[in-house]
A.B. asks: 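Take a look at the following structure, please.
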Amino acid sequence: MCGIVGIVAKQPVNQSLYDALLVLQHRGQDAAGIVTSDGDKLHMRKDGGLTRDVFANQHMVQLKGHMGIGHVRYPTAGLSSSAEAQPFYVNSPYGIVLAHNGNLTNAEELKQDVFVQDLRHINTESDSEILLNVFAHELQAQDRLRIDEADIFRAVEGVHRRCRGGYAAVAMIPGFGLFGFRDPYGIRPAVYGKRETDRGTEYMIASESVALDINGFDLIADIAPGECVLIDVRGNLYRHQCAQQPVLSPCIFEFVYFARPDSIIDNISVHKARSRMGKKLAAKIKRVWPEHDIDVVIPIPDTSRTAALQLANQLGVPYAEGFIKNRYIGRTFIMPGQQVRKKSVRQKLNAIDLEFRKKNVLLVDDSIVRGTTSQQIIQMARDAGARRVYFASAAPPVRYPNVYGIDMPSATELIAHGRTEAQVEAELGCDRLIFQDLMDLIEAVQKRGKSHVDRFDTSVFDGVYVTNDVTAAYLDTLERQRNDGARQQSRRDETILDLHNSA
């Protein structure tokens, strides 16, 4: 999962890009980068680490120009590497810079085609560089000295013909303009907006609407699946549908976990969706466990708070904050290596004993992925004096890997993979486990009559991949790439490379 942003303005964009990356930091904590365009000249700063650590004052001063793009990253395969920090750049044709969120499911096939047919070299393991080179080739094939919006749209049409998977991208050509596009299923999010200044109208494209909000941009719309939105350097905005049969199928896990609650994605308020998840979960508890003895509902911060509060209200049970979170620890399920994850949970959360002592506690989380964190939190609740510890998930069991840009574990490392809910309950060590039903989750997010989304990608729950191209062989390859053993070997290889480079 990554965060992308692009701005065309009448004034320097470096600060607005930086501010946008700060509020998109939840989408990637591995690396950050900004490229600005000052006339025909590009200025770049990117490195591994958080946004606040990558950009010092001397870097910001050098990022000159009224147009630019930015990116925050965590890797969708393998381990972190500052060498794969984005945005990526190719000088031919015209000089193109691109930042990408998602994952191409046919990346290996494309990499071969890019080399053999397009005569282009890929220098990293990132599929974002592949996407950039596919677009560059499609644009170069038009063989024009000077391009216009129609040329960009034809190149994006070529991207949609060749690339499969989930992707949202923002790209820039110096002296020409900025554009963003979304895969034909709209799996990964992208929005655009504008702000009026005394110098004229300025535009922004970003992963989430919160990036528009904090910079004073008004949301215009989501980029539609398959659509390309282009703003030239003169401030003219163009839109074009570049896919033949687009079908809006956004990733439902954005609403469960990844997106900020103050964002609106595909005309759906993330906060309201999570609130409805809590209502649906409370209704299930009333249905399957009418004589429950829950004394208090406690959320596992931060993402589950909205659902937990609504659940408590619906059940008529007190709500309490029982865990204090250290905000300087990253998200645990994307951390490399099981030992690192286990250590980080105790560093991340601390229980307030008074909220647990001699009580039957219902812990509420947004989802259960590996289960490692959940197991430790349940034990923490017992250690804090809870009489009984129940556990509720605002999402159904995560049984299948994500292939569209969320770096979930391999299938065999998912606690619910190949297990019944009763078996998961036993593995976690809680006194009772309640999962959200999939149809309830869909209804909670969709809210019929309010949303234009016809269907969601729910593949992590049901194994149905909306692009219809995910084979057993591909999933087997993913299993080998994502398991902890492969990640640890990759980390050792990176350490050796870093030592070699510093020698």
A.B. asks: When you compare the side chain of His137 with that of Arg162, does any pair of heavy atoms fall below 4.5 Å?
C.D. replies: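 Yes, their side chains come closer than 4.5 Å.
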A.B. asks: Shortest non-hydrogen contact from Asp266 to His452?
C.D. replies: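 The pair with the smallest heavy-atom distance is O-CE1, 3.5 Å.
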A.B. asks: Do Asn106 and Asp469 come within less than 4.5 Å of each other through their side chains, counting heavy atoms only?
C.D. replies: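 No - every pair of side-chain heavy atoms lies 4.5 Å or more apart.
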A.B. asks: State whether the number of non-hydrogen atoms from other residues, nucleotides or ligands found under 6.0 Å of Asp143 atom CG is greater than 12.
C.D. replies: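 No.
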A.B. asks: Can you check whether Val403 reaches Tyr465 side chain to side chain, under 4.5 Å on heavy atoms?
C.D. replies: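 In short, these two side chains touch, coming nearer than 4.5 Å.
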A.B. asks: Mark yes or no for whether Asp222, through its side chain, and Val191, through its backbone, hold a donor-acceptor pair below 3.5 Å.
C.D. replies: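 Not confirmed, Asp222 side chain does not pair with Val191 backbone.
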A.B. asks: Salt bridge or not between Arg188 and Asp183? Use side-chain N to carboxylate O under 4.0 Å.
C.D. replies: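 No, Arg188 and Asp183 are not salt-bridged.
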A.B. asks: I'd like to know whether NZ of Lys41 has more than 12 heavy-atom contacts from other residues, nucleotides or ligands below 6.0 angstrom.
C.D. replies: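 12 or below, so no.
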A.B. asks: Taking atom CD as the centre, does Glu196 end up with more than 12 heavy-atom neighbours from other residues, nucleotides or ligands that are less than 6.0 angstrom away?
C.D. replies: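 Enclosed.
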A.B. asks: For Arg399, check salt bridge (Lys or Arg N to Asp or Glu O under 4.0 Å) against everything at least two apart and list the hits.
C.D. replies: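 With sequence neighbours excluded, Arg399 shows a salt bridge (Lys or Arg N to Asp or Glu O under 4.0 Å) to no residue whatsoever.
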A.B. asks: Hey, is CD on Gln140 packed in by over 12 heavy atoms from elsewhere, all under 6.0 Å?
C.D. replies: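 More than 12 within 6.0 Å, yes.
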A.B. asks: State, to 0.1 Å, how close Cys2 and His100 come at their nearest heavy-atom pair, and which atoms those are.
C.D. replies: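 Residues Cys2 and His100, closest heavy atoms: CB-O, 3.8 Å.
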A.B. asks: Set out, in order, the CA-CA distance, both residues' side-chain angles and the distance that settles side-chain contact (heavy atoms from CB on, under 4.5 Å) for Arg276 and Gln310, then state yes or no.
C.D. replies: CA-CA 8 Å; Arg276 293 190 291 268; Gln310 193 61 249; over 6 Å; no
A.B. asks: Are side-chain N/O atoms of Ser249 and Arg455 paired as donor and acceptor at under 3.5 Å?
C.D. replies: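 A donor-acceptor contact under 3.5 Å links the two side chains.
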A.B. asks: Ignoring hydrogens, what is the shortest heavy-atom contact between Gly6 and Leu178? Give both atom names and the distance.
C.D. replies: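 Answer, listing the atom of Gly6 first, then Leu178: C-CD2, 3.5 Å.
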A.B. asks: Before giving the answer on salt bridge (Lys or Arg N to Asp or Glu O under 4.0 Å), spell out for Arg154 and Glu149 the whole-Å C-alpha distance, their side-chain angles and the decisive distance to 0.1 Å.
C.D. replies: CA-CA 9 Å; Arg154 279 192 291 269; Glu149 66 277 3; over 6 Å; no
A.B. asks: Using a 4.5 Å cut-off on heavy atoms from C-beta on, say whether the side chain of Val170 contacts that of Phe179.
C.D. replies: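 When only atoms from C-beta onward are counted, Val170 and Phe179 do not touch, as no gap falls below 4.5 Å.
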A.B. asks: For Ala444, is there any backbone N or O sitting under 3.5 Å from a side-chain donor or acceptor partner on Lys280?
C.D. replies: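 Looks like no, no N/O pair under 3.5 Å.
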A.B. asks: Between Asn215 (side chain) and Leu212 (backbone), is there a donor-acceptor pair under 3.5 Å?
C.D. replies: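 No: the side chain of Asn215 does not pair with the backbone of Leu212.
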A.B. asks: Could you grab the distance from atom CZ of Phe55 to atom CG of Leu22, nearest 0.5 Å is fine?
C.D. replies: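 One gets 9.5 Å once the value is rounded to the nearest 0.5 Å.
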A.B. asks: Please report the C-alpha distance between Tyr18 and His59 in whole Å, then the side-chain angles of each, then the deciding distance to 0.1 Å, and finally whether the side chain to side chain donor-acceptor pair (under 3.5 Å) criterion is met.
C.D. replies: CA-CA 11 Å; Tyr18 176 85; His59 305 126; over 6 Å; no
A.B. asks: Which word best sums up how the rings of Phe181 and Phe135 line up, parallel for under 30°, tilted for 30 to 60°, or perpendicular for over 60°?
C.D. replies: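 Ring orientation of Phe181 relative to Phe135: parallel.
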A.B. asks: For Asp127 and Leu104, work out which heavy atoms get closest and say how close.
C.D. replies: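 Closest heavy-atom pair between Asp127 and Leu104: OD2-N, 2.7 Å.
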A.B. asks: Quick one: are Ile205 and Val5 in side-chain contact, heavy atoms under 4.5 Å?
C.D. replies: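 When only atoms from C-beta onward are counted, Val5 and Ile205 do not touch, as no gap falls below 4.5 Å.
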A.B. asks: Can you confirm whether Thr201 sits close enough to Lys194 that some side-chain heavy atom of one is under 4.5 Å from a side-chain heavy atom of the other?
C.D. replies: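 In short, these two side chains touch, coming nearer than 4.5 Å.
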A.B. asks: Should Tyr89 and Val35 be marked as a side-chain contact (heavy atoms from CB on, under 4.5 Å) after you check the CA-CA gap, both sets of side-chain angles, and the distance that decides it?
C.D. replies: CA-CA 9 Å; Tyr89 168 75; Val35 178; over 6 Å; no
A.B. asks: Is there a side-chain contact between Ile265 and Ser209 in this structure, where contact means two heavy atoms from C-beta onward sitting under 4.5 Å apart?
C.D. replies: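 Side-chain contact under 4.5 Å: no.
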A.B. asks: Could you pull out the closest heavy-atom pair between Ser37 and Met172, with the gap in Å?
C.D. replies: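 Shortest heavy-atom separation between Ser37 and Met172 comes out as CB-SD, 3.8 Å.
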A.B. asks: Could you walk me through whether Phe456 and Gln446 pass side-chain contact (heavy atoms from CB on, under 4.5 Å), step by step?
C.D. replies: CA-CA 9 Å; Phe456 294 91; Gln446 193 173 40; 3.8 Å; yes
A.B. asks: To the closest 0.5 Å, what do you measure between CG (Asp262) and OG (Ser269)?
C.D. replies: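 These two atoms lie 9.0 Å from each other.
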A.B. asks: Counting only N and O atoms by type, is there a donor-acceptor contact under 3.5 Å from the side chain of Gln86 to the main-chain atoms of Arg73?
C.D. replies: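 No; zero donor-acceptor contacts below 3.5 Å.
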A.B. asks: Determine whether a donor-acceptor pair (N or O, by modelled atom type, separation under 3.5 Å) exists between the side chain of Gln25 and the backbone of Thr51.
C.D. replies: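 Answer holds: yes.
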A.B. asks: Do Ser126 and Glu129 have a side chain donor and acceptor closer than 3.5 Å?
C.D. replies: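 The criterion, which ignores hydrogens and geometry beyond distance, is not satisfied for Glu129 and Ser126.
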A.B. asks: Checking Thr467 against Tyr404: is there a side-chain donor and acceptor pair closer than 3.5 Å?
C.D. replies: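 Checked: Tyr404/Thr467 side chains pair up, N/O donor to acceptor below 3.5 Å.
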A.B. asks: With no hydrogens and no angle check, is any side-chain donor or acceptor of Lys447 less than 3.5 Å from a backbone partner on Ala273?
C.D. replies: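 Such a contact is absent between Lys447 side chain and Ala273 backbone.
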A.B. asks: Just wondering, are more than 12 heavy atoms of other shown residues or ligands nearer than 6.0 Å to CD in Gln244?
C.D. replies: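 Count not over threshold, so no.
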A.B. asks: With salt bridge (Lys or Arg N to Asp or Glu O under 4.0 Å) as the test, would you mind laying out the steps for Asp218 and Arg195 before giving the verdict?
C.D. replies: CA-CA 6 Å; Asp218 296 321; Arg195 67 183 176 191; over 6 Å; no
A.B. asks: Verify, without hydrogens or angle tests, whether Asp148 (side chain) and Asp151 (backbone) share a donor-acceptor contact under 3.5 angstrom.
C.D. replies: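 Yes; judged by distance alone, with no hydrogens or angles, the pair exists.
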A.B. asks: Can you give each donor-acceptor pair under 3.5 Å made by side-chain atoms of residues 228-243, sequence neighbours left out, with the distance rounded to 0.1 Å?
C.D. replies:
unit_1, atom_1, unit_2, atom_2, d
Asp232, OD1, Arg234, N, 3.0
Asp232, OD1, Gly235, N, 3.0
Asp232, OD1, Asn236, N, 2.9
Asp232, OD2, Arg234, NH2, 3.1
Asp232, OD2, Asn236, ND2, 3.1
Arg239, NE, Tyr192, OH, 3.3
Arg239, NE, Glu227, OE2, 2.7
Arg239, NH2, Glu227, OE2, 3.0
His240, NE2, Glu157, OE2, 3.4
Gln241, OE1, Ala243, N, 3.0
Gln241, NE2, Pro225, O, 3.0

A.B. asks: Starting at CG of Asn101, measure out to NE2 of His71 and round the result to the nearest 0.5 Å.
C.D. replies: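 Output value for this atom pair is 6.5 Å.
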A.B. asks: What I'd like to find out is whether the side chain of Asp366 reaches to under 4.5 Å of the side chain of Ser393, using heavy atoms alone.
C.D. replies: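 With C-beta onward as the side chain, the pair stays apart.
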A.B. asks: Give the minimum heavy-atom separation between Gly405 and Asn103, together with the two atoms involved.
C.D. replies: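 Heavy atoms only, the tightest pair is N-CB, 3.4 Å.
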A.B. asks: Got a donor-acceptor contact below 3.5 angstrom from the Ser304 side chain to the Ile300 backbone?
C.D. replies: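 Between the backbone of Ile300 and the side chain of Ser304 there is a qualifying donor-acceptor contact (under 3.5 Å).
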A.B. asks: Salt-bridge test for Arg260 and Glu208: reply yes if a basic N is under 4.0 Å from a carboxylate O, no otherwise.
C.D. replies: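 So Arg260 does not pair with Glu208 through a salt bridge.
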A.B. asks: With distance as the sole criterion, is a donor-acceptor pair present between the side chains of His26 and Tyr257 under 3.5 Å?
C.D. replies: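 Side-chain D/A pair, His26 to Tyr257: absent.
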A.B. asks: Using only heavy-atom distances, determine whether the side chains of Glu84 and Thr124 contain a donor-acceptor pair under 3.5 Å.
C.D. replies: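 Looking only at side-chain atoms, Thr124 and Glu84 do not form any donor-acceptor pair under 3.5 Å.
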A.B. asks: Quick check: does any side chain N or O of Asn402 sit under 3.5 Å from a backbone N or O of Ile406, one acting as donor and the other as acceptor?
C.D. replies: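 Checking the backbone N and O of Ile406 against the side chain of Asn402, a donor-acceptor pair under 3.5 Å is found.
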